[in-house]
Amino acid sequence: MSTPTVDVNQNGNVKTEDTLCTLAEYEECDFSKLLEKPPRLLNMERQRSLDERSLSDLSIGISPRLSARATDINTSRIFEPLDFICSPVGRRSGFNTPRSQTGFEPHPMVAEAWEALRRSLVYFRGQPVGTIAALDNSEEKLNYDQVFVRDFVPSGLAFLMNGEPEIVKNFILKTLRLQSWEKKIDRFQLGEGVMPASFKVLHDPVRNNETLMADFGESAIGRVAPVDSGFWWIILLRAYTKSTGDTSLAELPECQKGMRLILSLCLSEGFDTFPTLLCADGCCMIDRRMGVYGYPIEIQALFFMALRCALLLLKQDDEGKEFIERIVKRLHALSFHMRSYFWLDLKQLNDIYRYKTEEYSHTALNKFNVMPDSLPEWIFDFMPVRGGYFIGNVSPARMDFRWFCLGNCIAILSSLATPEQSTAIMDLIESRWEELVGEMPLKVCYPAIENHEWRITTGCDPKNTRWSYHNGGSWPVLLWLLTAACVKTGRPQIARRALEIAETRLLKDNWPEYYDGKLGRYIGKQSRKVQTWSIAGYLVAKMLLEDPSHLGMIALEEDKQMKPLLRRSNSWTL
Ligand code: GLC
C-alpha cells in the first residue's frame with residue numbers, strides 16, 4: 001500500500017490522501033451526550049469533540065512528523081464540523097479507466113459496465129447532471145427516460161469512487177434548484193422541502209434551448225410521494241463531501257437551506273405517538289401500493305441515516321443550531337424505538353407468540369396490542385436460531401413481518417443497528433441464502449404475498465404478482481447495499497458469493513432491472529433492460545470489495561454514547 005500523505009490546502013483544511021484505514025476515521029456525533037447540554041455549551045462541546053476527533057483521525061496511519069503537523073494546524077484554528085468529515089477516500093486518477101488496486105485483472109464485466117454507465121449520462125446545457133433510469137428502447141418508456149434521485153445514488157457513488165465527483169456536484173445543485181420550485185398536485189401545494197422523484201431534460205430544437213422538467217409525484221403512477229428522495233439527497237451530499245474533502249458545496253447557503261427544508265418536513269410535530277415517520281404507501285423504492293404504508297423500515301432507516309449525515313453537514317449558525325438540537329433529540333428517540341420495537345429474532349418472536357393482549361397501562365409488555373394470531377405461518381420457519389432483522393413496519397396492532405433488504409442494509413450502514421444486530425442481520429442472510437439470494441441477488445422483500453392477501457394489499461396489481469417486481473422480486477441494484485453492509489460487518493465473503501452469482505448472468509441478460517421467481521431465476525416479466533442502477537450497483541459493489549476504504553463515504557460508525565441505552569433495549573428484545 002502506498003505511503004499516506006497529509007496536505008494542507010489554502011484554507012488550512014487538512015487532507016489525507018491514500019489513507020490506510022478509513023474505517024478507523026469515522027466521524028461520530030455523540031448525539032445522546034449532546035442532548036443533555038444547554039444549547040450554547042452544546043455547540044462549543046460539539047465543535048471541540050469534532051476537533052478532537054479529527055485530530056485522532058489524522059494520527060491514524062500517518063508518520064509522527066506529519067501527525068505533529070496536523071496537530072499544529074488543528075490547534076491553530078477552530079474546525080467547523082464540515083472540516084471534520086473531509087478525509088477523501090480512495091481518490092483515483094485515470095478517470096476513464098478504473099484501475100485495480102489489488103493488481104488483479106478486473107472482471108471483464110467491469111469495463112462493459114463502465115461503458116454502459118457512461119452511455120446513461122444525461123447532460124443539461126453541456127454538463128452531466130445525472131444518469132437515465134434505463135436505456136431500454138424496446139418497450140414503452142413510461143418514466144424510465146428520467147433521472148431518478150434514488151436511482152442516481154449508486155451512479156453517483158460509482159463516479160465518486162472512481163475520482164469523478166463533478167457529476168455528483170452538478171446533480172446535487174440541479175436537484176436543489178428543482179426543490180425550490182412551487183409544487184402543486186391539482187390545487188394542493190406540496191411542502192417546500194420536497195425533492196423530486198425524478199427529472200428530465202427537455203430539448204427545444206426551435207429555440208435551441210434546454211429546460212428541466214421535474215416530477216414530485218404529480219405525474220407518477222398512483223401519485224406516490226417520493227419521501228426517500230430528500231433523504232438520499234442528504235446522504236449523497238455527505239458522500240460527496242467525505243470522498244472529495246470539498247466542504248464548500250455543503251457549506252453553500254443554498255445547500256444549507258435545502259437541508260433545512262427537508263428536515264423541516266420530517267421533523268415537524270404532529271399527532272404522532274412515535275418518533276418514526278408516518279408515510280403513505282409507495283413512498284420509496286417500492287413506489288406502488290404494496291402495504292408499505294405506515295412506518296416502513298426503508299424510510300425509517302433512511303430517515304435515521306439522513307439525520308446523522310445532516311448533523312455532520314449543518315453549520316453551527318443560528319438557523320443550523322436549532323435543527324441540530326431537534327435532530328439530536330429525534331435520533332435519540334428514533335434509535336430507541338427502532339432497536340426495541342422493530343427488531344425481531346427468535347427470542348422476540350417467541351415473546352410475541354406468547355403475548356397477552358388488551359393491556360392498558362404504562363407497564364404493558366405488548367405495547368402495540370399485537371394479536372399473536374396475526375403472526376404469519378412462514379415466520380416460524382424463516383426465523384433462524386442465530387440471526388434477526390428489522391421487520392417491515394410497526395404500528396397499532398400491526399407488525400409487518402416481511403424482510404426488506406434496503407432498510408436492513410441501511411440500518412447497518414447508518415449504525416441504526418447495534419453491532420450485535422448488524423451481525424445478526426448478516427447471520428440471517430447467510431442462513432436464509434436460498435430465500436434471499438437464490439439464483440440472483442437480491443430479494444427486495446421476503447416473502448411474496450399471494451392470493452387474497454395480494455388482492456387486498458396491492459389492489460390486484462398485475463405488475464406485483466407473487467415473486468415479481470416489488471412483491472418478492474430480485475433486484476441486482478441491491479448488491480451495492482449488501483456489499484457495503486458486508487464490508488462494514490467484516491463479512492466480505494458473503495458479498496463475493498453474491499457477486500459471483502450475479503456475474504454469471506447480469507451482462508448476458510443485459511442488466512435487467514429485476515428478476516422473478518422464488519429463486520430469482522427468470523428475467524422479470526416487465527423488467528427493463530440496461531437498467532442503470534443495476535449497472536452502477538454492480539460497479540459500486542466491485543469497487544467496495546476491491547478497496548474497502550470506499551466504505552467511509554456511505555457508512556457511519558456507531559455512536560458510542562448510545563451504548564447504555566442499548567443495553568436496556570437489548571435486555572428487552574434480544
Ligand atoms: C420503478 C422502481 C423505482 C425506480 C424507478 C426507476 O418505478 O420501483 O424504485 O426508482 O423504477 O428505475
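Remember, it's 1-based here, ligands and their atoms both numbered in the order they're listed.
Considering only residues two or more places apart in sequence or on other chains, Phe368 meets the ring-ring contact (aromatic ring centres under 6.0 Å, His included) condition with Phe274, Tyr341. Scored by the ring-ring contact (aromatic ring centres under 6.0 Å, His included) test, Trp233 finds no partners at all (sequence neighbours excluded).
Each of Ala133, Tyr144, Phe148, Arg150, Asp151, Met285, Asp287, Tyr469, His470, Glu513, Gln531, Trp533 has a non-hydrogen atom positioned under 4.0 Å from some atom of ligand 1.
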Name each donor-acceptor pair under 3.5 Å that joins a side chain in residues 299-306 to protein atoms two or more places apart or in another chain, with its distance.
| residue | atom | partner | partner atom | Å |
| --- | --- | --- | --- | --- |
| Gln300 | OE1 | Leu277 | N | 2.7 |
| Gln300 | NE2 | Leu277 | O | 2.9 |
| Gln300 | NE2 | Pro296 | O | 3.3 |

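Ion pairing between a basic and an acidic side chain is recognised when a charged N comes within 4.0 Å of a carboxylate O; Arg497 and Glu430 show no such pairing.
Under a cutoff of 6.0 Å and an axis angle of 45°, Arg505 and Tyr538 do not form a cation-pi pair.
Classification of the Trp475-His470 ring pair by plane angle, with boundaries at 30° and 60°, yields parallel.
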